[in-house]
**Student:** 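Take a look at the following structure, please.
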2 protein chains.
Amino acid sequence: MPCQKQFDIDEVLDTAMQAFWARGYETTSMQDLVDCTGVNRGSLYATYGDKRALFLAAIHMYDEKMRRKLLAELEATYGPREAIRQLLLALTAHVSKTGANRGCFLTNTALELAAHDPEVRRIVAHAQEEIEAFFARMIKKGKARGEIASQVKPMETARSLLASLLGLFVLVRSRPDRALLAEIVDDAILRLG
Amino acid sequence: MPCQKQFDIDEVLDTAMQAFWARGYETTSMQDLVDCTGVNRGSLYATYGDKRALFLAAIHMYDEKMRRKLLAELEATYGPREAIRQLLLALTAHVSKTGANRGCFLTNTALELAAHDPEVRRIVAHAQEEIEAFFARMIKKGKARGEIASQVKPMETARSLLASLLGLFVLVRSRPDRALLAEIVDDAILRLG
DNA sequence: CCCGATTTTGAACGAACGTTCCATACAAGG
DNA sequence: CCTTGTATGGAACGTTCGTTCAAAATCGGG
């Protein structure tokens, strides 16, 4: 057998993901990725394929290691009502420190590429549906526990909360104001009764 | 005096705006703009300056002729509560026909450029603040008319509705499903009591 | 220690990018 | 009717884009 790779495939993919997350698909060039990963051009192509394939791998990693992991952690750590609140608050915390914010990679991608790229649209839509399902599940559980008002309709309110969350992802990139975001979170929680 | 321009400055700018709106800043090349406007390269540069200046002019035109005009029309045509509902519904109508949707030019731009471009961020933030003010004004008027519940707090609810509207702008590009959007609109209106 | 498969490397590719420039065409003023 | 200043047209600028390729370096197996 020949020599093995001189870099960790997942670690480099993570670095590439950070770059795409911060600057988007079009604005991030292969040269940028060569620079920030430290991996040679040819090696990037040999390992991940072309730019689009690398981007899809990056967004898949985000979906797995960020979105999916966060939902699982929240569900395991908090009660239903607080889990919902913490999801809405997730970005707010980071804003106060840095001022700027990358927001949600999936949502950034939704507006940049989803409208013209069916495969990207499918990935983004699936992630949104899982968040929607998370909200609905928490609402049902919260109603059973008496944390959430009995007249709240799980599906409808889940979709409403999803829209608010996506709105927060937009605001975090255009008006990174901690107080503004926190107020919207508080108002969203009021819908739970 | 010399010869006059062979094209209408505002009309060509409108065409360029449509292109930027549909495909975003990075994906729309000067060649695309030459093709879709029918105006020569040199004339575009002579008239509007470079690509960035042309984009800023386009987004300014959108802010003036779309967002500002729509808000004014809604305020003049409908009662407060219905004006809010019609604003949230504005995009939904167009989705059913075409399937795809360009969403809101300002919101698309918010995610593509606002995070790294202070001037764009200022324009986008200002537009959002005016929408917020529109919601607050309608709520106050609606409370006075008895269309909206007296316990609804104008500022807080206005921000909450803004977040929902921005969320709808994201969904319209990633999950162009008329029923989904309509359901979210209905739930948002429920917040008005 | 050498063989051989594979990665790494950096140069190079053609294409497309935003932008500039100059010869030409044109319309108004004297 | 010529002069004059602006708009137009299209070629060309240098740069950067995504991608490819062949030579060199590398390390495990016999």
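Chain identifiers are assigned alphabetically (A, B, ...) following the order of the sequence lines, protein sequences preceding nucleic acid strands; residue numbering begins at 1 within each chain.
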**Student:** Mind checking if A:Thr27 touches a base, just sugar-phosphate, or nothing, with heavy atoms under 4.0 Å?
**Tutor:**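 Contact class for A:Thr27: none.
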**Student:** What does A:Ser43 touch in the nucleic acid at a heavy-atom separation under 4.0 angstrom: a base, only the sugar-phosphate, or nothing?
**Tutor:**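 It contacts base atoms.
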**Student:** Do other residues, nucleotides or ligands put more than 12 heavy atoms under 6.0 Å from the NE2 atom of A:His116?
**Tutor:**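 Counting neighbours around NE2 of A:His116, more than 12 heavy atoms of other residues, nucleotides or ligands fall under 6.0 Å, so yes.
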**Student:** To the nearest angstrom, how far is B:Gln31 atom CD from C:dA15 atom P?
**Tutor:**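 Between P of C:dA15 and CD of B:Gln31: 15 Å.
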**Student:** Nearest whole angstrom, please: distance from the P of D:dA7 to the OH of B:Tyr48.
**Tutor:**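 From B:Tyr48 OH to D:dA7 P: 12 Å.
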**Student:** B:Lys51 NZ to C:dT20 P: how many Å, rounded?
**Tutor:**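 The distance from NZ of B:Lys51 to P of C:dT20 comes to 14 Å, rounded to the nearest Å.
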**Student:** With the side chain of B:Tyr45 defined as its heavy atoms from C-beta on, choose the nearest nucleotide among C:dT20, D:dT20, D:dT8.
**Tutor:**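 Taking heavy atoms from C-beta onward, the closest nucleotide is C:dT20.
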**Student:** Between B:Ala46 and A:Arg41, which has a closest nucleotide on DNA chain D that is more 5'?
**Tutor:**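 Nearest nucleotide further toward 5': that of B:Ala46.
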**Student:** What is the distance from CZ of B:Phe7 to C1' of D:dT6, rounded to the nearest Å?
**Tutor:**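 Atom CZ in B:Phe7 sits about 12 Å away from atom C1' in D:dT6.
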**Student:** Rounded to the nearest Å, what distance is computed from the CG atom of residue B:Leu44 to the P atom of nucleotide D:dT6?
**Tutor:**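 For the pair B:Leu44 CG and D:dT6 P, the rounded distance is 20 Å.
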**Student:** Measure from CD1 on B:Ile9 to C1' on D:dA7 and round the result to the nearest Å.
**Tutor:**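 So the two atoms are 11 Å apart, to the nearest Å.
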**Student:** Applying side-chain hydrogen bond (donor to acceptor under 3.5 Å, both in side chains) to A:Asp35 and A:Gln31, what does each step give before you reach the verdict?
**Tutor:** CA-CA 6 Å; A:Asp35 294 342; A:Gln31 186 59 49; 3.0 Å; yes
**Student:** Between A:Asp14 and A:Lys65, is there a side-chain N and carboxylate O pair less than 4.0 Å apart?
**Tutor:**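 Salt bridge flag = yes for A:Lys65 with A:Asp14.
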**Student:** If each of B:Glu26 and A:Asn40 is mapped to the nucleotide of DNA chain C with the nearest heavy atom, which maps nearer the 5' terminus, i.e. the 5' end?
**Tutor:**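 With B:Glu26 and A:Asn40 compared, the 5'-side residue is A:Asn40.
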**Student:** If I take atom CG in residue B:Asp50 and atom P in nucleotide C:dT20, what distance separates them, rounded to the nearest angstrom?
**Tutor:**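 Nearest whole value for this atom pair: 8 Å.
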**Student:** Expressed in angstrom and rounded to an integer, what is the separation of B:Met30 atom CE from D:dT16 atom P?
**Tutor:**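 Taking atom P of D:dT16 as the reference, CE of B:Met30 is at 18 Å.
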**Student:** Do the side-chain N and O atoms of A:Gln128 and A:Glu132 include a donor-acceptor pair separated by under 3.5 angstrom?
**Tutor:**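 No pair is found: no donor N or O on one side chain lies under 3.5 Å from an acceptor on the other.
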